[in-house]
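Chain A is the first sequence line, chain B the second, and so forth, proteins listed ahead of strands; every chain is numbered from 1.
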Amino acid sequence: MYALLALTSHESAAVVQLRNDDGTPASPVQTVSRAALPAVVRALEEAHHPRWVWDRATHWYPDLLAANVRLERCHDLSLCQNILLYSAFAADTDYARQATPVPPEAENLRQGTPLGTNTSSQDSLFDAPVAAAKDKAWDLAAVAKELGAQKSAISSSTHPARLTLLLSAESAGALVAAEMHHEGIPWREDLHRRLLNDLLGPEPALHNRPEKLEALADLLRTELNAPTLNPDSPQELIRALHRAGIDAKSTRSWELQEFNHPAIAPLLTYRKLSRLFTTNGWNWLHQWVREGRFHSEYVVGGVVSGRWASRGGGAMQIPAQIRGAAVADPGYTFIVADAAQLEPRVLAALSQDSAMAAAGRDAAGQSKDLYAGIAAQGFGGDRSMAKIALLGAIYGATTGESGRLVPQLARMYPRALDYVENAARAGERGERVSTHLGRSTPPTGTDWHASQQSSSAPEQRRAESAARSRGRFTRNFVVQGTAAEWACCWLAELRRRLRALPPGTPSTGGLAVAGGPQLVAFLHDEVVVHCPVELVEEVSAILHDSSQAATDLLFGPIPLAFPVNVSVVQCYADAK
DNA sequence: ATGGAAGGCGCG
DNA sequence: AAAGCGCGCCTTCCAT
């Protein structure tokens, strides 16, 4: 059963209609005011458990969450279209040529709108200003038409089951992302401020450096004999360093570390603290933390490979330095789970390299550290060497230690290395490559093909360099993208199981609504659940079970598991 | 004046 | 030890 959700043609109200799986109407079209929508949606959810179909979850779900309405399933036409347009699995269908683009996200809902009087979850399509509504949101007919087109593209594709799984997981991701934004990460502003005060000094007046930062800048000016130096200016800095006899090619910290000069230590300290101040300082707190929660927006499918991105506050780049401020509420704890060596394991599964898979198991068939296993098989037990070699193979390293170690890996695991080599060669030829479930690389532009034909020597060098660069991209794409699919399936399974935890029913979200375990963060191969202490055992088991379920969904029965490390901590900084 | 590139560094 | 993938965010610097 589907429930189609759209706007009326004059965009002042919503329309809802139930449809059977074959697309025939199962209810009359119901017109609903904005105020009444959450109650209507809740009633339909409880009565029919439909799959909600909308142009994009970000247009509808935040308002529903604000009214405490949570949904089990959806089909996000925008995210699905984004996949189907490029998927090699659907290349021979009419869909890619005929699809109507989904209306874009209303600009006023997006970035630069810090949490304030007008949070994005309070706004909606209903009161989007005229300027933003130039591209009309879809009405019911458009939604129905696009759903039909997508279903037919899937069924006439080369791998309907895989695409169905991918689109279902991606849509579930859209629900998770909105819920995590709504929920936020518990954030102790007082602890964060104490940290800032200890490291930087008191909060400075507008446009001033904190006193400890200014003191470091002064020390640096003295050591470099450059009284007016602005240490934030790479140009001024490199000139001052050269004058002081420090012959660095750039001002990157790792390069400066090599020099022995009294200016280096204060400079490196300045860099570290300056970043804390500008990126995660008082401004960050003011902009992104409200009522003890850090609310950042997740962008599902925001990366070409299918990984998520984030918008506002950098939820996926929270530095270790400030993780001490993320503390679970009283009566709750964080359960932090990360998939161990996810990308290498994905490579072993994709390439069906049984030797590499065996390196991830012990004699009893239990999962063990894959890098350690590979190290034991061919790197004299040196785990870090094995890790550098494996990552080099996935990223396409050619020089340095990593580049030197790859050939040894190729002798040990020819199938796995062939798999990424083939992806790289295809990319160099300008071809498209795909993940296991069928997300494909965007096509190369016409200019790329033109540049490959160029004749003059310098142009040809550039063309070859561009081809190698694309080869590294496609080599990594198949692994990173399939890892993202695994993670998305893991998330979806996790969410489904958390919602089913008793007491409560799926339609009300059970505990998911009434203070139960909540997903509060997701970082590519890691999730954070904010969990009532009495449910730690159950939720930990669910994290493991969901991993196995995701593996089965993606790859079927394979002699390789995707183990997750689970740590139960009060404070995010203590994980692992 | 302002938008975008580049340098730098945080995360996976 | 510092090459090879994917991002977001902040500041400076340069072109339009």
message: Does A:Arg472 contact C:dC5 through a side-chain donor or acceptor facing the base, at a distance under 3.5 Å?
response: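 Looking at the base of C:dC5, it does not pair with any donor or acceptor on the side chain of A:Arg472 (distance under 3.5 Å).
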- request: Look at the side chain of A:Arg475 and the base of C:dG4, then say whether one donor and one acceptor between them are separated by less than 3.5 Å.
  value: no
Does [X] place a side-chain N or O at less than 4.0 Å from the phosphate oxygens OP1/OP2 of [N]?
X	N	answer
A:Ser253	B:dC9	yes
A:Gln235	C:dC14	yes
A:Thr251	B:dG8	yes
A:Asn230	C:dT12	yes

message: Syn or anti for B:dG7, given that syn means the glycosidic angle lies within 90° of 0?
response: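 The base of B:dG7 is oriented anti (glycosidic angle more than 90° from 0).
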Centroid-centroid under 6.0 Å between A:Trp284 and A:His192 rings: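 When the ring centroids of A:Trp284 and A:His192 are compared, they turn out to be within the sub-6.0 Å range.
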How is [X] classified with respect to the nucleic acid when contacts are heavy atoms under 4.0 Å: base, sugar-phosphate, or nothing?
X	value
A:Thr278	sugar-phosphate
A:Phe473	sugar-phosphate
A:Ser250	sugar-phosphate
A:Arg252	sugar-phosphate
A:Leu342	nothing

query: Regarding A:Ser434 and A:Ser440, is there a side-chain donor-to-acceptor distance under 3.5 Å anywhere?
result: yes
Polar contact flag, side-chain donor to acceptor under 3.5 angstrom, A:Arg209-A:Tyr270: yes
task: Please figure out whether A:Thr399 or A:His524 has its closest DNA chain C nucleotide nearer the 5' end.
output: A:Thr399
field: Nucleotide nearest A:Tyr395 (side chain, heavy atoms from C-beta), chosen from C:dC10, C:dG4, C:dT12
entry: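 The answer is C:dG4, which lies nearest to the side chain.
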message: Below 30° counts as parallel, above 60° as perpendicular, anything between as tilted: where do the rings of A:His295 and A:His181 land?
response: perpendicular
